[in-house]
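Take a look at the structure set out below.
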Amino acid sequence: MIEGVVRKGEYEWELPVGFIPGMHVPGRFFLSDELTKTLEEGALQQLAHVATMPGIIHNSLAMPDIHWGYGFPIGGVAAFEYETGVISPGGVGFDINCGVRLLTTPLKPSDLAQKKEILDNLFDAVPVGVGARSSLRLSEKQLEKMMTDGARFAVAEGYGNSDDITHCEEQGRMKEADPAHVSRKARSRGVPQSGTLGAGNHFLEIQVVEEIYDEEAARTFGVEQGQVCMMVHCGSRGLGHQVCTDHLQVLEHAVSKYHIQLPDKQLACAPLTSPEGKAYFGGMAAAANYAWANRQIITHQIRSVLTRMSGIGYDDIRLVYDVAHNVAKIEEHEIDGKTRKVCVHRKGATRAFGPKCPDVPADYTHVGQPVIIPGSMGSSSYLLKGTDVAMNRTFGSTCHGAGRVLSRSQAKKKIQGKNIRETLGRAGIMVKAPHDGAIAEEAPDAYKSSSEVVSVVHNLGLSRLVARLEPLGVIKG
DNA sequence: ATGTTC
């Protein structure tokens, strides 16, 4: 382990205050011995950097999928006191509300004789790849509604049902969204991209529930062994990226205006109560809502294909839940016995609210919030549940996925996409992508093991395993 | 992640 890090338990490590100058709180991160082998020193430095920011409380936290990111580490969680703290785009990431949703179907794998045709139809119905454009032509007014109403906009337009809304984090809509802080350029990127999947690690998968770990929670979430499911992983596309870019520029100036000392320019931020901080938050929430609506529109396309191809009903395809992996939220948390209003930044981290917490859907509240962890291409995905331990220790947060071990360029150099496609094909997993390079970048070997990451948060109790899902067919952007 | 270095 890197010098200066203190071991606190089987899966826990601390960066003491003083690891670098100016830290207000300790850093704390969660790794198994196996995962410490892939820890990047740069990511740990970033965890320490975050601990120097104004108003941070409790700990600068990182989940076991920690890796190097823009300013803040990916896998990072940081909460700032509302009155004295800051908000930072680096703590959210460029893909605002990159997230994932899980749908159940009444189908069994044996009902998928036409799997290739289903995948072909899904590939035609959901535009994928960098710069993908959809056939939907949103008006300016519709885009505005998409940004203020999120998943509700999509459902109001006929792309879903009311259960879909109650089964989204935030009911698919942050009320603080303010489209006035979304630039003309961001809007022009958003208009043609509604209902598109995007690229990189974004995917649409046909999966099967392979193992149940927690019968009661699985039953509550409507998930059964042997059931065919659909998983959607995507975000706010070019619109969210542009919101991040635009506000970073403003906030770089705000840093000197508000006399904030930072160890890295990429931590650009502003006080939560400042006009600049509020503007970013309003724009970020608008982009988050765009992402929820985007996943909702894609859900409708999936339902349309499956009802046409397999004869099941539209409402037989149920949304289990939809979680955000990249977002900042105003929440109340109890710290040292006192309830504090804080802005929780989760960047490559999942909210994991426990039983009886606000915003957990009524039909799930006795169990806790569903947590959805996608695997890398061709590997297991997991369904977990939120816990009281997460509420007490990590502002109700857990990991988000596997985390890279090879950069995109390293992966493309080392790995042949065609070979991956053939190997997965032999295992019965069909892959469709715009080109083989997209497959190489996202090859399983480019990522840490998602099962190792998930076992750490399960063992710590930051969330608890409910079910494991395995891919049957993959559409990659 | 991203009209993949406006």
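In what follows, chains carry the letters A, B, and so on, assigned in the order in which the sequence lines appear, proteins first and then strands, with residues in each chain numbered from 1. Keep in mind that what you see is a predicted model, and the values were worked out from it rather than measured.
Rounded to whole Å, atom P of B:dT4 lies 13 Å from atom CZ of A:R408. Between the CG atom of A:L248 and the C1' atom of B:dT2 there is a distance of 13 Å, rounded to whole Å. B:dT2 atom C1' lies 12 Å from atom CD1 of A:I96, rounded to whole Å. Rounded to whole Å, the distance from CG on A:N326 to P on B:dT2 is 11 Å. With rounding to whole Å, A:N97 atom CG is found 13 Å from B:dT2 atom P. If you measure from atom CZ of A:R133 to atom P of B:dT2, you get 15 Å, rounded to the nearest angstrom. Taking atom OH of residue A:Y70 and atom C1' of nucleotide B:dT5, one finds them 14 Å apart after rounding to whole Å. Atoms NZ (A:K412) and P (B:dT4) sit 12 Å apart, rounded to a whole Å.
Here the rule is ring pair (Phe, Tyr, Trp, His ring centres under 6.0 Å) with A:F80, and of A:H345, A:H333, A:H24, A:H58 only A:H345 fits it.
Looking at heavy-atom distances under 4.0 Å, A:E442 makes contact with sugar-phosphate atoms alone, never a base. Across all strands, A:K347 comes closer than 4.0 Å to no nucleic acid atom at all (heavy-atom distances). Among the protein residues, A:G238 comes within range of the sugar-phosphate backbone only, with heavy atoms under 4.0 Å from sugar or phosphate atoms but none that close to a base.
Residues A:H435 and A:H241 each lie close to DNA chain B; by heavy-atom proximity, the contact nearer the 5' end of the strand is made by A:H241. Take the nearest nucleotide of DNA chain B for A:V130 and for A:H202: the residue whose nucleotide is more 5' is A:H202.
Within a 6.0 Å radius of CD in A:Q249, no more than 12 heavy atoms belonging to other residues, nucleotides or ligands are found.
No side-chain donor-acceptor contact under 3.5 Å links A:Q301 and A:Y159.
Checked by atom type and distance alone, the side chain of A:Q242 never pairs as donor or acceptor with a backbone atom of A:A186 at under 3.5 Å.
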